[in-house]
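Heads up: the structure comes next, in structure tokens.
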Amino acid sequence: MHVPERVELPRFSEHFLPCLCGPTGAGKTAASLALAARFPISVINADSRQVYRDFPIITAQPSAAEQSACPHLLYGYLPAEAKLGAGEWAREAAAAIAAERAKGRLPLLVGGTGLYFKALLAGIAPIPEVPAEVSARWQARVLAEGAPALHALLAEHDPAYAAKIHPNDRQRITRALEVWESTGRSFSWWHARPLPGPAYRPLKIGIGLSLADLEPLLQQRIKAMLDAGALQEARAALARCTDPEAPGWSGIGCAELYRHLRGELSLDECRALWLKNTRAYAKRQLTWFRADKDITWFRPGQAADIVAFVEAAPAGTDAFRTKPSGVRARPLSSDPRQRFNQSP
RNA sequence: GCCGGGGUAGCUCAGUUGGUAGAGCAGUGGACUGAAAAUCCACGUGUGGGCAGUUCAAUCCUGUCCCCCGGCA
């Protein structure tokens with residue numbers, strides 16, 4: 001068997017950071033394995049659900065066999081009760097990137113959580129952690145008084161941010177209020193603070209396809225997860241953490257299986273709801289990543305082109321943003337009828 | 001075959017005392033600064049089962065036919 005020659009790391013700029021993003025089920029793991037065969041990479045998880053150790057199957061974490069291809073970091077290391085936020089993840093990811101870099105390896109970010117990529121690559125306001133007691137109180141209030149009432153309250157203290165969000169957006173309203181209460185500064189004040197310049201030179205690689213093309217793949221994947229023991233995984237997780245409100249249980253598939261285990265849903269209903277929610281999620285991811293014009297898009301099965309694309313990234317500065325010739329990347333058109341119809 | 005209920009958006013249904021109709025879900029597009037697999041926003045023309053009749057006007061009333069569901073045969 002032909003073993004491809006590995007590329008010397010010094011070819012790349014010191015802060016070079018390839019990133020694989022795209023909707024769930026599009027083949028990011030497969031692409032990362034193709035890259036692992038060519039470069040001395042370490043894969044760093046950028047997915048908010050794949051951090052939970054109780055749900056390796058349901059959250060589609062790379063299997064043990066897949067993880068043996070190269071180091072994989074920040075996968076399956078938290079219990080279901082543990083809460084992880086974008087800022088905390090970004091700190092851990094930055095540490096992992098530095099550590100792998102120091103070992104002479106090339107970090108590769110792989111995941112589908114747009115906010116996590118943004119927090120790491122663009123930075124995030126250095127807001128101190130809000131005490132759980134404070135945030136619990138605001139969450140209780142929004143339930144009791146309704147989001148519009150608290151939005152009006154927010155408008156008194158932080159009119160700029162209140163104007164940016166909708167009166168029904170209870171999550172953002174409570175977040176802004178709890179930050180205001182616990183720090184004495186408005187959410188807008190924190191956002192206005194200058195962030196340090198970019199620490200990385202990302203090469204953003206998207207793997208995308210239309211929702212219509214993705215849907216059958218998602219359906220197959222749910223079946224494969226069930227065949228692989230997703231139900232048993234959920235049952236075992238339930239024995240360890242009985243609180244369905246725990247962060248780990250909020251993943252798509254987990255919540256539906258929980259309801260099936262409680263007898264609220266038949267397995268068929270569970271599967272249908274699971275697919276529906278996964279599809280809606282993939283659509284939101286596509287909306288997020290489509291808006292990022294720095295992403296160069298590929299389709300599933302174009303792993304060889306992705307390898308060539310990374311290989312063609314020039315040494316030195318961020319000139320790699322210029323698309324090398326001979327790479328068959330397909331941009332996402334804004335016209336949905338044209339978007340994925342380019343000939344192969 | 002008879003009796004009853006029903007045929008309205010892709011699905012489940014609401015409503016109109018006659019003035020050509022609207023919710024939820026689905027779908028599409030979008031937003032996104034520590035729950036982000038989260039949270040939220042915008043977008044609703046459909047031969048109102050077919051035909052005929054009454055009427056200025058029928059999705060609504062009448063007749064008839066077709067189809068579905070339940071019951072009786």
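In what follows, chains carry the letters A, B, and so on, assigned in the order in which the sequence lines appear, proteins first and then strands, with residues in each chain numbered from 1. Atom set for the values below is all heavy atoms of this structure, side chains included, hydrogens, waters and symmetry mates excluded.
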Please give me every residue in residues 260-271 of chain A whose heavy atoms get under 4.0 Å of an atom in RNA chain B, ordered by residue number. none
Using a heavy-atom distance cut-off of less than 4.0 Å, which residues of residues 136-167 of chain A contact RNA chain B?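 Nucleic-acid contacts, sorted: A:Gln139, A:Tyr161, A:His166.
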Using only side-chain N and O atoms of [X], determine if any of them is under 4.0 Å from OP1 or OP2 of [N].
{"X": "A:Arg175", "N": "B:rG34", "value": "yes"}
{"X": "A:Arg290", "N": "B:rA31", "value": "no"}
{"X": "A:Asn168", "N": "B:rC41", "value": "yes"}
{"X": "A:Thr113", "N": "B:rA37", "value": "yes"}
{"X": "A:Lys276", "N": "B:rC25", "value": "no"}

Just to be sure I understand the rule, does A:Gly112 reach a base, reach only the sugar-phosphate, or reach nothing, if contact means heavy atoms closer than 4.0 Å? sugar-phosphate
According to the Watson-Crick and G-U wobble definition with distances under 3.5 Å, which dot-bracket string, read 5' to 3', encodes RNA chain B, using [ ] for crossing pairs and | for pairs with another strand? (((((((..((((.....[..)))).(((((.......))))).....(((((..]....)))))))))))).
Between A:Phe309 and A:Phe298, is the gap from one ring center to the other below 6.0 Å?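 Yes; A:Phe298 has its ring centre under 6.0 Å from that of A:Phe309.
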Does the gap between the ring centers of A:Trp249 and A:Tyr52 come in under 6.0 Å? no
[X] side chain to [Y] side chain, donor-acceptor N/O pair below 3.5 angstrom:
{"X": "A:Trp89", "Y": "A:Ser48", "value": "no"}
{"X": "A:Arg175", "Y": "A:Ser135", "value": "no"}
{"X": "A:Tyr77", "Y": "A:Glu92", "value": "yes"}

Rounded to the Å, how far apart are [X] [atom1] and [N] [atom2]?
{"X": "A:Lys28", "N": "B:rA37", "atom1": "NZ", "atom2": "P", "result": "10 Å"}
{"X": "A:Arg284", "N": "B:rU39", "atom1": "CZ", "atom2": "P", "result": "8 Å"}
{"X": "A:Trp89", "N": "B:rA35", "atom1": "CH2", "atom2": "P", "result": "15 Å"}
{"X": "A:Leu115", "N": "B:rA37", "atom1": "CG", "atom2": "P", "result": "8 Å"}
{"X": "A:Lys293", "N": "B:rG30", "atom1": "NZ", "atom2": "C1'", "result": "12 Å"}
{"X": "A:Tyr75", "N": "B:rA37", "atom1": "OH", "atom2": "P", "result": "14 Å"}
{"X": "A:Leu275", "N": "B:rA37", "atom1": "CG", "atom2": "P", "result": "18 Å"}
{"X": "A:Asn45", "N": "B:rA37", "atom1": "CG", "atom2": "P", "result": "11 Å"}

Please report the distance separating the C1' of B:rC51 from the corresponding atom of B:rC67, rounded so that it comes out in whole Å.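 Nearest-Å result for B:rC51 against B:rC67 at atom C1': 15 Å.
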Closest to the A:Arg279 side chain, choosing from B:rC32, B:rG27, B:rU33: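 Closest nucleotide among those given: B:rG27.
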A:Thr174 side chain, from C-beta outward: closest of B:rG34, B:rA26, B:rA35: B:rA35
For the side chain of A:Lys283 and the base of B:rG29, is some donor closer than 3.5 Å to an acceptor across the two?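 Under the 3.5 Å cut-off, the side chain and the base do form a donor-acceptor pair.
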Want to settle it: does A:Ser250 or A:Gly123 sit nearer the 5' end of RNA chain B, counting the closest nucleotide to each? A:Gly123
Starting from the 5' end of RNA chain B, give me the residue, A:Tyr116 or A:Arg172, whose nearest nucleotide shows up first. A:Tyr116
Is B:rG34 in the syn or the anti form, by the rule that syn lies within 90° of 0?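 Because its glycosidic torsion lies within 90° of 0, B:rG34 adopts the syn conformation.
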